[in-house]
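Report on the following structure.
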Amino acid sequence: MPARYYEPWRDWFDTQVAMRLRAGTTILDIGGGRCPSVPLSQRPTGTTYIGLDPDAKELTAAPAGSYDQTFVSRAEQRIPDLVDSVDLAISWQVFEHVASLESVLQNVHSYLVPGGVLVSLFSGRWSAFAVINRLLPFSVGIPLVSRIARRDPEVDPVFPACYDMCYHTVLKRLMSNWSQVEIVPLYRGASYFGFSRPLMRGYLLYENAIRFAKWNNGATHYLLVATR
């Protein structure tokens, strides 16, 4: 496997989040549900931690005390109470599931205070697994992903993915009104083909080629760090 596969998967995201944790910070966790992106033990003194998730059951399944405030809502729906109140918005593997990424980014921009930061990692629209996922009906795709990724649906459920506007070219356009934007394309999709060694090898040849060619629209994931 290429060297990039041996780097801890969450480190890119967690490092960016940790750099911005300060005492008294108000954090909005978008889609964290039962697994808040910043555990209680890692939060600075005076942190206000807000959960936004469309599924109330996911929020209540989180460890006790995980959220100081919760909103049961789709991220595409604007919440007036959050406007100009958030220092740090974070989202781990959620943006590929929203129906309108443009609406979500507009909402997050309005929630952040001037100088506030969004840190998000999400899957790319034109990755091989995303294309396959979109071609399959949800009733087939979700159980298949759970099996391939070895995820227990009771503990780590798989949700339908839309991949709306989740590729580099359009992301740059959507973020044009932010003061600073960094979009890091990542290439780590081989694990989805782990059930077949020949298929995984063939996929890695393809992935290495598009990475070398810097075809950023084909990235499997993106790390997005943006400042209002």
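Just so we're clear, the structure is a prediction, and the values are computed from it rather than from any experiment.
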Judged by atom type as modelled, is there a donor-acceptor pair below 3.5 Å linking the side chain of [X] to the main-chain atoms of [Y]?
{"X": "Asp164", "Y": "Leu101", "answer": "yes"}
{"X": "Thr220", "Y": "Leu186", "answer": "yes"}
{"X": "Asn107", "Y": "Ala75", "answer": "yes"}
{"X": "Gln106", "Y": "Val104", "answer": "no"}
{"X": "Arg43", "Y": "Ser66", "answer": "yes"}
{"X": "Thr60", "Y": "Ala56", "answer": "yes"}
{"X": "Asp53", "Y": "Glu58", "answer": "no"}
{"X": "Arg134", "Y": "Arg125", "answer": "yes"}

Can you measure from [atom1] ([X]) to [atom2] ([Y]) and round to the nearest 0.5 angstrom?
{"X": "Arg78", "Y": "Ser103", "atom1": "CZ", "atom2": "OG", "value": "11.5 Å"}
{"X": "Glu7", "Y": "Trp12", "atom1": "CD", "atom2": "CH2", "value": "5.0 Å"}
{"X": "Glu96", "Y": "Ser127", "atom1": "CD", "atom2": "OG", "value": "9.0 Å"}
{"X": "Cys35", "Y": "Trp92", "atom1": "SG", "atom2": "CH2", "value": "11.5 Å"}
{"X": "Leu204", "Y": "Arg188", "atom1": "CG", "atom2": "CZ", "value": "11.5 Å"}
{"X": "Ile50", "Y": "Thr70", "atom1": "CD1", "atom2": "OG1", "value": "10.0 Å"}

Starting from [Y], can I reach [X] by hopping between I/L/V/M/F/W/Y residues whose side chains sit under 4.5 Å apart?
{"X": "Phe212", "Y": "Tyr203", "answer": "no"}
{"X": "Met200", "Y": "Phe195", "answer": "yes"}
{"X": "Val83", "Y": "Val86", "answer": "yes"}
{"X": "Tyr192", "Y": "Val131", "answer": "yes"}
{"X": "Leu135", "Y": "Trp126", "answer": "yes"}

Could you walk me through whether His221 and Phe129 pass the ring-ring contact (aromatic ring centres under 6.0 Å, His included) check?
CA-CA 11 Å; His221 301 82; Phe129 63 82; 5.7 Å; yes
For [X] and [Y], work out which heavy atoms get closest and say how close.
{"X": "Ala64", "Y": "Leu40", "answer": "O-CD1, 3.6 Å"}
{"X": "Ala99", "Y": "Arg74", "answer": "CB-NH2, 3.9 Å"}
{"X": "Ala61", "Y": "Arg34", "answer": "CB-CB, 3.7 Å"}
{"X": "Val117", "Y": "Val225", "answer": "CG1-CG1, 4.1 Å"}
{"X": "His97", "Y": "Cys162", "answer": "O-SG, 4.0 Å"}
{"X": "Ala128", "Y": "Phe193", "answer": "CB-CZ, 4.1 Å"}

Give the ring-plane orientation class for Tyr222 versus Phe122, where under 30° counts as parallel, over 60° as perpendicular and anything between as tilted.
tilted
For Arg4, salt bridge (charged side-chain N to carboxylate O under 4.0 Å, His left out) partners two or more places apart
Glu207
Any donor-acceptor N or O pair under 3.5 Å, side chains Asp68, Thr48:
no
Output a table of donor-acceptor pairs, distance under 3.5 Å, between side-chain atoms of residues 19-30 and any protein atom two or more places apart or on a different chain; print 'none' if there are none.
residue, atom, partner, partner atom, Å
Arg20, NH1, Gln16, O, 2.7
Arg20, NH1, Gln16, OE1, 2.9
Arg22, NH1, Met19, O, 2.8
Arg22, NH2, Met19, O, 3.3
Thr25, OG1, Arg22, N, 3.2
Thr25, OG1, Arg22, O, 2.7
Asp29, OD1, Gly32, N, 3.4
Asp29, OD2, Ser37, N, 2.7
Asp29, OD2, Tyr49, OH, 2.6

Extract all donor-acceptor atom pairs below 3.5 Å that involve side chains of residues 174-183 and protein atoms in other chains or at least two apart in sequence.
residue, atom, partner, partner atom, Å
Ser176, OG, Arg173, O, 3.1
Ser179, OG, Thr227, O, 3.1
Ser179, OG, Arg228, O, 3.1

pair Asn216-Tyr187: side-chain heavy atoms closer than 4.5 Å:
yes
Please tell me if the side chains of Pro54 and Val72 come closer than 4.5 Å, counting only heavy atoms from C-beta onward.
no
Checking Leu171, Val170, Leu105 against Met165 for side-chain contact (heavy atoms from CB on, under 4.5 Å), the one that qualifies is Val170
Leu88 and Val119: side-chain contact (heavy atoms from CB on, under 4.5 Å), yes or no, with the steps?
CA-CA 8 Å; Leu88 176 63; Val119 178; 4.2 Å; yes
Assess the residue pair Asn133 and Tyr163 against the criterion (side-chain hydrogen bond (donor to acceptor under 3.5 Å, both in side chains)); give the C-alpha distance rounded to whole Å, side-chain angles, the decisive distance to 0.1 Å, and a yes or no.
CA-CA 10 Å; Asn133 198 9; Tyr163 304 98; 3.0 Å; yes
Start with the C-alpha gap between Tyr111 and Ile79, add the side-chain angles, then the distance that decides, and say whether side-chain contact (heavy atoms from CB on, under 4.5 Å) holds.
CA-CA 8 Å; Tyr111 299 157; Ile79 301 173; 3.7 Å; yes
Decide yes or no on side-chain contact (heavy atoms from CB on, under 4.5 Å) for Asp87 and Leu112, but give the supporting numbers first.
CA-CA 6 Å; Asp87 300 300; Leu112 291 169; over 6 Å; no
Going through the distances and angles, do Leu59 and Phe71 end up as a side-chain contact (heavy atoms from CB on, under 4.5 Å)?
CA-CA 9 Å; Leu59 291 168; Phe71 292 91; over 6 Å; no
